[in-house]
4 protein chains.
Amino acid sequence: MPNSGRKERERTRHRQEILAAAENVFVRKGFFNTTMSEIALAAEFGMGTIYQYFSSKEELYTTLILEKAEAIMDVLTLATRKSSDPVDKIKDMITEQMKIFEESKGFIRLMAAEFDSPTSPEETRSQLRSGVQSTYQRFLEANEKIFLEGIRLGVFRNFPPRKMAVALQGIINGFVNEWVRSGFQESLSGNTDFIIKIFLDSVEIPPDQKKK
Amino acid sequence: MPNSGRKERERTRHRQEILAAAENVFVRKGFFNTTMSEIALAAEFGMGTIYQYFSSKEELYTTLILEKAEAIMDVLTLATRKSSDPVDKIKDMITEQMKIFEESKGFIRLMAAEFDSPTSPEETRSQLRSGVQSTYQRFLEANEKIFLEGIRLGVFRNFPPRKMAVALQGIINGFVNEWVRSGFQESLSGNTDFIIKIFLDSVEIPPDQKKK
Amino acid sequence: MPNSGRKERERTRHRQEILAAAENVFVRKGFFNTTMSEIALAAEFGMGTIYQYFSSKEELYTTLILEKAEAIMDVLTLATRKSSDPVDKIKDMITEQMKIFEESKGFIRLMAAEFDSPTSPEETRSQLRSGVQSTYQRFLEANEKIFLEGIRLGVFRNFPPRKMAVALQGIINGFVNEWVRSGFQESLSGNTDFIIKIFLDSVEIPPDQKKK
Amino acid sequence: MPNSGRKERERTRHRQEILAAAENVFVRKGFFNTTMSEIALAAEFGMGTIYQYFSSKEELYTTLILEKAEAIMDVLTLATRKSSDPVDKIKDMITEQMKIFEESKGFIRLMAAEFDSPTSPEETRSQLRSGVQSTYQRFLEANEKIFLEGIRLGVFRNFPPRKMAVALQGIINGFVNEWVRSGFQESLSGNTDFIIKIFLDSVEIPPDQKKK
DNA sequence: TATGAATGAGCTTTCATTCAT
DNA sequence: AATGAATGAAAGCTCATTCAT
């Protein structure tokens, strides 16, 4: 079946084009202020065509967030694999996160919205909760494990690992917020070193004490 | 004229009742999924009455967030006045913030939404931005000053004060998020000591080194 | 009952004040775009008070037009009593009409509206129809009689008197329209002589032929 | 592409159907008492469909009046081209006007309303004023020119041509009003001869004096 | 008698979704 | 498979009218 392959590829490409167009519009105008015909226009498809790929505005939105969140999380998880030292893993993760966020301005805002606000209809929310949340949770858990490992190896202080993960992610989000608030003026990744320092200073056990 | 006073008091009370009802509904369903008639129903007033106190759905929403944000910030600012020691000021501020947030669950979610995502109509957003943001900024600046003072007195390390403020607020928000995410299961203020510890450990100059 | 007399006079005065305020607003904004609270404000009464004098917005409007129309018609009818010569009666009537219209700009527009447009709710319309229309009809009929008398006396040509009345009133209204359209720039009564001339030239039997 | 032609024709037809239905309802109930759903019902379309052809109730109303006014004026202007004799031109114009008005009862009432009274919202009014007025003015000016030419040729008396145009149009409107008022009982065009006679008798210079 | 806060039916308008082509 | 005209439920908001003070 040589033909069906091409058709399928074309379908996949169309789907991606629609998602890309939708992301653009959603980021600019938010879920409720975006109309399906705007998306259709941006995607250069007829409105009916959108509905052949996504059964509703909500499904389109949910898919968009979920797929992108998954992709980001994959990159971050990968970043923590480069080194085997827990301290380096955390450093890599911080560095990579700042880079990724810096590259996906608009999307970050969309995702943040879904975490924090009761904006979308109930069904969407629960889908997103179980989707994005579980992605986010998986990620926090991954960091938790790094901290746990670090504690075992005596490189991290004996704080509750979950709380460490939450605090670190909080600091990162704090700078992301500040960056969003500033209208993306200053560099986001310029804060990487400060974050690493302020966080590790209280969490890492200094090498000299370690050796002891 | 004792009568005119009563009328005015009644007007103020009605206004508060409407705001309270609106907060309830907005928190549960978000700006767009809340209808004015739902608010009217919740406030036990006719729909027209709502419009005698607030000229539009947007104004009601904006007022709601702005007034509450202002009130919270006032309490927090006050909390930092109890002690004159910068370290104690920061401790008090963290403690007070955890308490206030714990008491205003729903509102926190609304405000978080407004910070992070383009959910409400454009005009509302810009009003909120300039309103809430300026409140928030004033607050960050207040903390900045505490850090600055602490650096001068040699009790805080010589980090950029703004960044310290951002990082600290980030940690706090991280735990607030986690708490929201958990459905308000665990105690929020139970994290107060951990936050104080993890933050001050890297930022405070230990008393023994200070004496030097 | 010396007191009841004062009360009654006061009631009548209030009624007139309300009517005057209402006329002002209606003329500026039209029936539908005028709100009762605007009228109350303009009359310097509470809204409830308006309803003690007029049972509805429509009744107020209807009363306004009817009373004013009646008053104008009275003046005009009076004007035709000064002379006993039919030709002079018509001249006086034209002259007086131009003067009155010139003095009551706004009202003219209101009244004109009621003649020509199906704008008000059905009930109002029928009241106005039977009210203003009958006033207007009475007036046309009065002129008809003058023409009839003039024909009998041999000073007017033997045209159908009703048609003469209609044509004359049409000419007058034509100039009133032109005047309204011009934004009340040129003098309205400046057209009096022309109207008299153009109309009488074809309708009056010249004195020399009359003598015959 | 024979198909795209059909679609366009269908669109035009639908537009006309909506306009026709709207005219019907507006004429019966006036601008404010007409609801969009009544129009939709009358047009046998969904309410949303109306809004695909006209962006608002006001635009629909404005378009309706302007297009029809334009069409009528076109016919009238054409009528004055049949003959080259100014007197005949005026006669033709009167005759044609009575015929057209007789055929467009309802519309006449709408237009009359717009000329004389502030019934529709302010924005609509000003659009209509500048639209209908300019059409009407163009028409008055056309007649003015006929009178001017007639004066030059010595067939009309030396009256100000503008005033003659105003007076003639006034007479015509007078009969139209009478006809409207009578509920369209008597024939309107039955008055044509009388109008021609009463107007020309005072304005036309009789052929015997002309020859001189 | 005078008031004006409270009311809610009813309006215009939007937009996700469908379906005949 | 792709289209986009048609749909109509549902929203925000207004304002004539009422009635407790």
Side-chain angles (χ1 to χ4, degrees), chain A residues 7 10-11 14 32-41 43-60 121, chain B residues 3 6-7 10-11 14-15 18 32-41 43-60 121, chain C residues 7 10-11 14 32-41 43-61 121, chain D residues 3 6-7 10-11 14 18 32-41 43-60 121:
Chain A
K7 277 215 175 165
E10 190 157 74
R11 231 190 121 73
H14 287 183
F32 280 99
N33 288 311
T34 296
T35 68
M36 287 302 265
S37 74
E38 279 174 305
I39 292 175
L41 200 73
E44 296 181 275
F45 281 109
M47 233 158 62
T49 309
I50 309 287
Y51 279 87
Q52 300 212 322
Y53 289 87
F54 303 93
S55 67
S56 73
K57 187 187 179 184
E58 294 199 10
E59 206 221 65
L60 174 52
Chain B
N3 266 7
R6 187 165 59 77
K7 276 224 175 155
E10 191 156 72
R11 233 191 119 72
H14 287 182
R15 208 187 103 104
I18 292 171
F32 278 102
N33 288 308
T34 296
T35 69
M36 286 305 263
S37 70
E38 279 174 307
I39 293 176
L41 203 71
E44 295 180 275
F45 281 110
M47 223 158 65
T49 307
I50 310 290
Y51 279 89
Q52 294 211 325
Y53 289 86
F54 303 93
S55 67
S56 71
K57 187 187 178 184
E58 293 206 16
E59 206 220 75
L60 174 51
Chain C
K7 278 215 174 164
E10 191 156 73
R11 231 190 122 71
H14 287 182
F32 279 98
N33 287 312
T34 295
T35 68
M36 286 303 264
S37 73
E38 280 174 305
I39 293 175
L41 200 75
E44 295 180 275
F45 281 109
M47 233 159 63
T49 309
I50 309 287
Y51 279 87
Q52 300 212 321
Y53 290 87
F54 303 93
S55 68
S56 73
K57 186 185 178 185
E58 294 199 11
E59 206 222 64
L60 174 52
Y61 186 69
Chain D
N3 266 7
R6 186 166 56 78
K7 277 225 173 152
E10 192 155 70
R11 235 193 116 73
H14 287 181
I18 292 170
F32 277 101
N33 287 308
T34 296
T35 69
M36 286 305 262
S37 70
E38 281 174 306
I39 293 176
L41 203 71
E44 294 181 277
F45 281 110
M47 227 159 62
T49 308
I50 310 290
Y51 280 88
Q52 294 212 325
Y53 289 87
F54 302 93
S55 67
S56 71
K57 188 185 176 184
E58 293 205 17
E59 207 221 74
L60 174 52

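Proteins come first, then strands; the chains are lettered A, B, ... in the order of their sequence lines, and each starts at number 1.
Side chain of A:Lys57, nearest nucleotide from E:dA5, F:dG12, E:dA16: E:dA16. With F:dG12, E:dA2, E:dT12 as the candidates, the nucleotide lying closest to the side chain of D:Met36 is E:dT12.
In this structure, A:Gly48 and B:Gln52 both approach DNA chain E, and ranking their closest nucleotides by distance from the 5' end singles out B:Gln52. DNA chain E is contacted by both B:Phe45 and C:Phe45; C:Phe45 maps to the nucleotide lying nearer its 5′ end (nearest heavy atom per residue). Residues D:Gly46 and B:Ser56 both approach DNA chain F. Their nearest nucleotides, taken by heavy-atom distance, put D:Gly46 toward the 5′ side.
With values rounded to the nearest 0.5 angstrom, B:Leu60 atom CG is found 9.0 Å from B:Arg15 atom CZ. Atom-to-atom distance recorded for C:Met47:CE and C:Ile39:CD1 is 10.5 Å, nearest 0.5 angstrom. To the nearest 0.5 Å, atoms NZ (C:Lys7) and CZ (C:Arg11) are separated by 10.5 Å.
Under the Watson-Crick or G-U wobble criterion, with both distances below 3.5 Å, E:dA9 is paired with F:dT14. With both pairing distances under 3.5 Å, E:dC15 is matched to F:dG8 as a Watson-Crick or G-U wobble pair. In this entry F:dA1 has no Watson-Crick or G-U wobble partner, no candidate having both defining distances under 3.5 Å.
In this structure, D:Thr35 reaches the sugar-phosphate backbone alone: every heavy-atom distance under 4.0 Å involves primed, P, OP1 or OP2 atoms, never a base. Contacts of C:Arg11 with the nucleic acid, taken as non-hydrogen atoms under 4.0 Å apart, are absent. Contacts of C:Thr34 with the nucleic acid, taken as non-hydrogen atoms under 4.0 Å apart, involve only primed sugar atoms and P, OP1 or OP2. Contact annotation for C:Met47: base contact, defined as any heavy-atom pair under 4.0 Å involving a base atom. B:Tyr53 comes within 4.0 angstrom of sugar-phosphate atoms only, judged by non-hydrogen atoms across all strands, and of no base. Using a 4.0 Å heavy-atom distance criterion, B:Ser37 is classed as making no nucleic acid contact. Here D:Glu10 lies out of heavy-atom contact (under 4.0 Å) with every strand.
Judged purely by distance below 3.5 Å, without hydrogens or angles, the side chains of A:Ser56 and A:Glu59 never pair a donor atom with an acceptor atom. Using a 3.5 Å distance cut-off with no hydrogens or angles, the side chains of A:Gln52 and A:Thr49 do not pair a donor with an acceptor.
The interatomic distance linking C:Phe32 (CZ) with E:dG10 (P) rounds to 15 Å, in whole Å. The separation between D:Tyr51 atom OH and E:dC11 atom P is 12 Å, rounded to whole Å. Remark: C1' of E:dA2 and NZ of B:Lys7 are 11 Å apart, rounded to the nearest angstrom. Following rounding to the nearest Å, C:Leu60 (CG) and F:dT17 (P) show an atom-to-atom distance of 10 Å. Counting to the nearest Å, the C1' atom of E:dA6 and the CD1 atom of B:Ile50 are 11 Å from each other. The interatomic distance linking D:Ile39 (CD1) with E:dT13 (C1') rounds to 13 Å, in whole Å. For the pair D:Asn33 CG and F:dA16 C1', the computed distance is 14 Å after rounding to whole Å. As rounded to whole Å, 15 Å separates atom P of E:dT12 from atom CD of D:Glu59.
Ring planes of D:Phe45 and D:Tyr53: tilted class, angle from 30 to 60°.
In terms of phosphate contacts, A:His14 brings no side-chain nitrogen or oxygen within less than 4.0 Å of OP1 or OP2 of F:dA1.
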